[in-house]
Protein chains: 2
Amino acid sequence: MENTRCENCIVRQFNSLRAMSKEELKRVSDSKTTKTVKKGEPLFEEGDKLNGVYCVRNGVSKLSKLSPNGKDQIVKLATRGEVMGQRAVIAEETSNLSAVAVSDMEVCFIPKDSIATTLQKNPNFTMEVLRHMAHDLKEADDVIVNMSQKTVKQRIAEAFLYLKNNFGENNEGFLALTLSREDIANVVGTATESAIRIISEFKKKGLIHTSGKQIGIKDERKLKDLAQGF
Amino acid sequence: MENTRCENCIVRQFNSLRAMSKEELKRVSDSKTTKTVKKGEPLFEEGDKLNGVYCVRNGVSKLSKLSPNGKDQIVKLATRGEVMGQRAVIAEETSNLSAVAVSDMEVCFIPKDSIATTLQKNPNFTMEVLRHMAHDLKEADDVIVNMSQKTVKQRIAEAFLYLKNNFGENNEGFLALTLSREDIANVVGTATESAIRIISEFKKKGLIHTSGKQIGIKDERKLKDLAQGF
DNA sequence: CTCAAAACCTGATAATTATCATAGTATTGC
DNA sequence: GCAATACTATGATAATTATCAGGTTTTGAG
């Protein structure tokens, strides 16, 4: 694998690393390692002590947490440009989430030392990280409200719209990110069978079209209305 | 109202203001204003532009978000030492949450300027804020999992345990923080009637005792088991 | 290619939760 | 003190969601 320098990495534009100085970036670049992770493989597990953060260059990872009843709740999908493990490294705690690739990925592992020293010395960088975390926190609040106040049907409609907005569609009109039915159920927090049933219903009503695992949005207007509760 | 100086305020130990220098603290103290807020009164509303943060000296506030179906979801209860509005001020966004007092409160309003300048100049303070936000984010993840994977019964059991652990009991063995049934329902994300029904059931089973609005924990062991799903 | 495992799908049923209706019980303002 | 108002409580019922059980289809390893 060619070892692209962080200085030239486009992905950096999307995350807090853009607030680093040339020298800081150089140090990060020298200490980082690039890995490929196949779909289905874990990056880290809940409870792991993380020695650094993972910057996503390509692909998507699900961040999930095991609930006492044995089900996995997907809390977030991390894509190109996102930095995973930041929270745990900053709080100096073990990870509260597991990360598993849902598509083939290319990630850069950045040891925590180079992050920690920059955090102490470059207030711009620290502020940038802070802003990102503030954004994540707001999103988490939104998820809490959705989970507790919307029906499964509404949440699934919303999930499809989210997938379209964040990962786009391929040239056949299907969502570019294909999740298994089980993963969809774990995003919205329901039983796999319930998710499948609602997907079938959406298909029957002409809101979506499917082909195997693939799902495409057919009537975005109606899906949006449904997500809002009409 | 006597205007206690931040320098001497014990509450400061619990939040990020403890990372401020003497001079910074002095500036904050000079610019802050102290307010009392009666139970039921709002501190700010969802969508408000906040010109500063609120540091809780006494009392408790609910932080909630209106869902499209018209129900209010309580996302967090902020108590002594907590700083409200931090997220919005840092992200330079309007507040995504409303804050309403659930008991009589005493809060200090700190204009954002004195916060912002300290954020830029004192990396220790920024890091401290970052650590607090990292903690909040983890808690939010936990709430998401609870909301989506646990039953209403489990969530109510958990809420009572949470109230005991975080706000304690009075000398008659009741939870020190008394919430209305509606607020309990809004914490847990269910209909008020459902919450009341389950509270009655818990009482009948000897898990709790009640007197008017007041609730006391009687069998903590069983409540814990229930919250875990046994 | 083949076949076993995994994923998907549907039906029947049970459990959970929301909604509506109604009545009792506190609280509060005048 | 009393009426208006808000809060608490419970029943009846409907809607939502989970679970179990069975198929079918897809996938991937050998």
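Since this is a predicted model, take the numbers as computed values, not measurements. Chain letters run A, B, ... following the sequence lines, proteins first, then strands; residues in each count from 1.
Separating the CZ atom of B/R181 from the C1' atom of D/dT10 is a distance of 14 Å, rounded to the nearest angstrom. One interatomic measurement links the two molecules: CG of B/N69 to P of D/dA15, which rounds to 18 Å at whole-angstrom precision. If you take CD1 of B/I196 and C1' of C/dT25, they are 12 Å apart, rounded to a whole angstrom. Rounded to a whole Å, the CG atom of A/L179 is 17 Å from the C1' atom of C/dA6. Between B/Q214 atom CD and D/dC7 atom P there is a gap of 17 Å when expressed in whole angstrom units. In this entry the distance linking NZ of A/K203 with P of C/dT10 reads 8 Å, nearest Å.
Panel note: side chain A/S211, backbone A/Q214; no donor-acceptor pair is recorded below 3.5 Å. Of the possible donor and acceptor atoms, one in the side chain of B/N170 sits under 3.5 Å from a partner among the backbone N and O of B/G173.
Residues A/T94 and A/L50 have side chains not in contact (no heavy-atom distance under 4.5 Å, counting atoms from C-beta outward).
Using a 4.0 Å cut-off between charged side-chain N and carboxylate O, B/R197 and B/E193 make no salt bridge. The pair B/K49-B/E93 does not count as a salt bridge, with every side-chain nitrogen at least 4.0 angstrom from each carboxylate oxygen.
Rounded to 10°, the angle separating the first-five-pair axis and the last-five-pair axis of the helix from C/dC1-D/dG30 to C/dC30-D/dG1 equals 60°.
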N/O donor-acceptor pairs under 3.5 Å from side chains in residues 133-144 of chain B, not counting sequence neighbours:
residue : atom : partner : partner atom : Å
B/D141  : OD2  : A/N96   : ND2          : 3.1
B/D142  : OD1  : A/K65   : NZ           : 3.4

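A sub-4.0 Å separation between OP1 or OP2 of C/dA7 and a side-chain N or O of A/T192 is absent.
Heavy-atom contacts from other residues, nucleotides or ligands closer than 6.0 Å to CD of B/E201 number more than 12.
Minimum heavy-atom separation, A/V11 to A/G81: CG1-CA, 3.4 Å.
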Problem - Letter per nucleotide, 5' to 3', of nucleotides 16-30 of chain D [B base touched, S only sugar-phosphate touched, - untouched; heavy atoms, 4.0 Å] - result: -SBBB----------
